[in-house]
Amino acid sequence: MQNRQPEFSKGKEISMGSLVPPVLSDYMNYRQFLADFYLFKRKASKGSLRAYTYAVFSAAANIKSPNYLKMIIEGKRNLSDDMIGKFGKALGFMKDQTEEFRLLVQFTQAMDPAERNMYLKKLSEHRVAGKLKSGEIDRKTWEKVPNWVAWIIYAMIDQDGVSFDTATLKKLLRGKASEDEIDNALTTLITSGDLRRDEVTGELKKARSLTDSPEEIPVALVRKLQSQLMYLGLESLYQDQPTEREFGTLTLSLTKSEFEEIKFKLRQMRKALHKDNSIARMKDKGERVYQLNIQLFPVTNAVESAVKAPAMKSALDIQVETPIVETTPVEAPVMMAEAAPVVPPVSPVSAPVSAKEQKNERSNVSSLAATAASAADLFR
């Protein structure tokens with residue numbers, strides 16, 4: 001059963017003409033999953049001698065309160081760790097499913113953004129492990145794609161004065177990667193042909209782009225790598241001095257057309273930065289490797305009753321009265337705790353997008369390691 005949940009935490013429309021049970025991994029809110037599970041069980045038991053009720057669920061979970069499930073679904077109660085195990089039993093979950101349900105509960109109930117992100121990371125990793133185990137994600141494809149450590153090391157080829165031994169790399173990476181991770185990353189880059197050693201000098205050099213076959217990269221791996229790099233940004237917010245980083249945030253109300261235009265301009269800006277940097281690195285080496293994260297994401301749902309007529313003017317011709325809240329670029333707060341979005345000012349696009357360019361935009365992937373080195377666009 002596919003999760004037709006268009007906006008975060010909105011209710012999912014349930015097809016009552018099907019008896020396919022809801023799939024836990026389709027959900028990002030455990031209360032919605034429980035509501036859909038209950039509706040499914042009600043539908044499945046229609047016409048039977050014993051209809052499925054909240055009391056039946058409580059009995060299966062060995063809970064005294066007959067309406068406990070109803071209170072959980074409506075958000076009147078939270079699930080404790082002890083209750084999570086009982087719910088897993090009533091839901092018919094195996095051990096792995098119960099653990100996934102536990103992580104989903106912790107993610108849903110967490111109020112602090114940093115804590116929510118921690119549980120989201122654990123939930124994502126658990127689900128990926130399950131897909132690898134079941135064969136839904138090809139393990140060989142997964143393992144041959146470089147991880148975040150490999151992406152940074154690949155970028156370090158363009159950093160001046162780097163000695164590519166494990167101890168040096170660990171120090172340069174600020175201890176964020178273990179020696180095993182560094183060794184594995186180097187091995188992967190060399191055996192895959194992304195890096196090669198000069199036969200005369202023994203110096204490591206780039207042999208090809210890391211994104212020669214972006215279509216082969218599993219979506220789950222894309223999300224994992226992006227989240228890892230976003231977490232590096234969150235750490236930088238607390239570890240690095242304001243003079244060594246540039247964090248800024250914007251919170252603004254947009255129409256759909258304005259959103260699409262900003263997204264296009266950000267992609268163009270990212271490509272321009274990457275092109276300029278690639279040219280600069282052909283002339284001389286860089287001094288450090290930097291990570292540039294560009295994020296534009298919704299923090300509210302649209303009001304269903306608010307239907308606006310199409311705008312006749314430029315999509316970004318935003319009037320003064322448009323609600324905009326801008327934080328100071330120094331010590332800007334993290335809006336979603338993944339990483340403070342880095343949104344530098346962009347110049348207007350003078351020419352409209354051709355059909356060919358739009359097609360290329362869709363096939364392009366967003367930059368994973370848009371570092372000071374020449375990491376190419378990876379993510380869609």
With sequence neighbours left out, write down each residue that passes side chain to side chain donor-acceptor pair (under 3.5 Å) with Ser48, or none if nothing qualifies.
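For Ser48 there are no side chain to side chain donor-acceptor pair (under 3.5 Å) partners, ignoring immediate neighbours.
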Using a strict cut-off of less than 4.0 Å between a Lys/Arg side-chain nitrogen and an Asp/Glu carboxylate oxygen, indicate whether [X] and [Y] qualify as a salt bridge.
X: Arg31; Y: Glu74; answer: no
X: Glu99; Y: Lys95; answer: no
X: Glu100; Y: Arg127; answer: yes

What are the two closest non-hydrogen atoms of Phe33 and Val23, and how far apart are they?
CE1-C, 4.2 Å
With a 3.5 Å cut-off and no angle check, do the side chains of [X] and [Y] form a donor-acceptor pair?
X: Asn293; Y: Gln295; answer: no
X: Asp165; Y: Ser163; answer: yes
X: Asp82; Y: Ser80; answer: no

Lys NZ or Arg CZ of Arg267 over Phe264 ring: under 6.0 Å, within 45°
no
Indicate the ring-plane relationship of Tyr154 and Trp151, choosing parallel, tilted or perpendicular according to the 30° and 60° boundaries.
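Aromatic pair Tyr154/Trp151 classed perpendicular.
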Verify the ring-centre separation between Tyr119 and Phe107: is it less than 6.0 angstrom?
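They do not qualify: ring centres at least 6.0 Å apart.
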What about the rings of Phe87 and Phe57, do their centers lie closer together than 6.0 Å?
yes
With Asp158, which of Arg281, Lys206, Arg288 fulfils salt bridge (Lys or Arg N to Asp or Glu O under 4.0 Å)?
Lys206
